[in-house]
Each structure stands twice: as structure tokens, then as C-alpha cells.
Amino acid sequence: MSKLQPLASSVVNLRQARAMLPLVRSIVADAQVLERQIEQRRHDLNRVQVAGLRKTGKLYADELAESRSDLEADERQLNAYRDELTQLGLRLVNSGEGEVEFPVSYEDRLVFLCWKMGDEDLLYWRQPEQTFDLRVRIPSEELTALANSPGF
């Protein structure tokens with residue numbers, strides 16, 4: 001997902017965001033596994049449909065219905081993970097890449113801390129007009145100052 005979308009109206013500070021990271025890691029890890037599973041199911045469903053051009057009958061219809069049902073269940077679960085992050089005030093940017101944004105207020109403006117699976121801490125941010133792939137590293141001395149700031 002590369003388009004900017006509005007986030008929940010809640011804003012967190014750096015301490016709150018860091019406290020959420022263990023839960024966020026768990027949710028995102030599950031979402032990444034599920035994303036791969038969904039891609040595999042889509043591939044399998046496509047294969048069943050292509051093979052079905054030569055098949056007819058109940059067995060084919062049952063296999064097709066089961067594949068569709070499994071895919072729909074996985075997509076609902078992925079949406080549940082996305083909703084869980086949204087309820088925390090966060091946004092799952094890309095489930096396959098494990099990208100999450102935390103809205104924060106900095107110098108009376110909204111910015112986004114950007115975390116990606118594999119990041120040890122919240123070390124990147126972006127401006128509202130930028131996309132996640134344009135995130136930049138927060139200088140360590142500024143990050144230290146921000147961690148001690150009540151507004152961040």
C-alpha cells in the first residue's frame with residue numbers, strides 16, 4: 001500500500017509507542033505469515049480454476065468452494081490484525097513487509113514514526129506528505145532528546 005490514508009485521530013508519544021512494540025511485533029509477525037498464506041491460497045485458487053477449465057462435477061466444485069472459503073477466512077483474519085492495530089491508533093502500511101506507522105505530535109504538527117519488522121526500535125519517521133518508503137532515520141542525539149520530551 002503506497003497511498004497515504006488518514007490514520008485514527010489518536011496520537012501517541014515515543015514512550016507509549018515503544019511500550020506497544022512487543023504487541024505490535026507479535027501482531028505484525030502473524031500478519032506477515034498470513035499474508036504469505038493468502039498469496040499461496042490465491043495462487044492455488046488460480047491453479048484450481050485454470051485446471052477446472054477441463055474439469056466439471058462435484059469434486060471440482062467442492063475444491064473450488066473450499067479454496068475460496070479458506071481465502072476469505074484468511075482475508076478476514078488479516079483485516080482483524082489491521083483493525084487491532086487501528087484500535088491502538090496505528091496503521092498497518094504493508095502486511096507483507098511488516099510496516100507500521102505511529103502518529104505522533106512533534107512541534108505542534110503530526111508526523112509518523114515508521115517501524116518495520118526487523119527494526120529494533122522506533123528509529124525512523126516521515127512527514128505526512130511523504131510515503132513510508134521515504135522514511136528517514138532520526139539522528140540518535142535527537143532521538144534521545146525526543147524520548148525525554150513529554151510531547152513526543
For this session: Verify, without hydrogens or angle tests, whether Arg41 (side chain) and His43 (backbone) share a donor-acceptor contact under 3.5 angstrom.
Result: no
For this session: Please list, chain by chain and in numerical order, all residues satisfying side chain to side chain contact (heavy atoms under 4.5 Å, CB included) with Arg68, sequence neighbours excluded.
Result: Leu45, Gln49, Leu64
Problem set entry | Verdict with supporting geometry, Asn79 and Arg76, side chain to side chain donor-acceptor pair (under 3.5 Å) | CA-CA 5 Å; Asn79 283 332; Arg76 281 191 302 275; over 6 Å; no
Problem set entry | Cationic N near anionic O, under 4.0 Å, Arg42 to Glu75 | yes
Exercise. How many angstroms lie between CH2 in Trp115 and CZ in Phe132, if you round to the nearest 0.5 Å?
Worked result: 9.0 Å
Problem set entry | Leu78 versus Leu34, closest heavy-atom pair with distance | N-CD2, 3.3 Å
For this session: Scan for salt bridge (Lys or Arg N to Asp or Glu O under 4.0 Å) pairs involving residues 111-125, sequence neighbours excluded, and state none if there are none.
Result: Arg18-Asp121, Glu97-Lys116, Glu99-Lys116, Asp119-Arg135
For this session: Quick one: pull up CD in Gln127 and CG in Leu134 and give me the separation to the nearest 0.5 Å.
Result: 11.0 Å
Seminar exercise, completed: OG of Ser67 to CG of Asp62, rounded to nearest 0.5 Å, is 10.5 Å
Problem set entry | Contact summary for Gly98 and Val28, nearest pair of heavy atoms | CA-CG1, 3.4 Å
For this session: Please name the pair of heavy atoms, one in Pro103 and one in Leu110, separated by the smallest distance, quoted to 0.1 Å.
Result: CB-CD1, 3.8 Å
For this session: Using salt bridge (Lys or Arg N to Asp or Glu O under 4.0 Å) as the criterion, list what pairs up with Asp83, not counting sequence neighbours.
Result: none
Exercise. Quick one: does Glu101's side chain have a donor or acceptor within less than 3.5 Å of a partner on Cys114's backbone?
Worked result: no
Problem set entry | Set of residues satisfying salt bridge (Lys or Arg N to Asp or Glu O under 4.0 Å) with respect to Glu66, sequence neighbours excluded | none
For this session: Check the hydrophobic clustering (I, L, V, M, F, W, Y; side-chain heavy atoms under 4.5 Å; chains of links allowed) and say if Val33 and Leu23 are grouped together.
Result: no
Exercise. With sequence neighbours excluded, what pairs up with Glu72 under the salt bridge (Lys or Arg N to Asp or Glu O under 4.0 Å) test?
Worked result: none
Exercise. Would you say the side chain of Ile138 lies within less than 4.5 Å of the side chain of Leu123, judging by non-hydrogen atoms?
Worked result: no
Seminar exercise, completed: One should read off an interatomic distance between Asn94 CG and Glu35 CD, to the nearest 0.5 angstrom, of 7.0 Å
Seminar exercise, completed: In this structure, CZ of Arg36 is separated from CD of Gln40 (nearest 0.5 Å) by 11.5 Å
Problem set entry | Residue pair Val104 / Val12, side-chain heavy-atom distance below 4.5 Å | yes
Problem set entry | Worked check of side-chain contact (heavy atoms from CB on, under 4.5 Å) between Trp125 and Val136 | CA-CA 6 Å; Trp125 72 292; Val136 295; 3.5 Å; yes
Exercise. In Å and rounded to the nearest 0.5 Å, what is the CE to CG distance from Met20 to Leu88?
Worked result: 6.0 Å
Exercise. Can you name the residues that form a salt bridge (Lys or Arg N to Asp or Glu O under 4.0 Å) with Asp30, not counting sequence neighbours?
Worked result: none
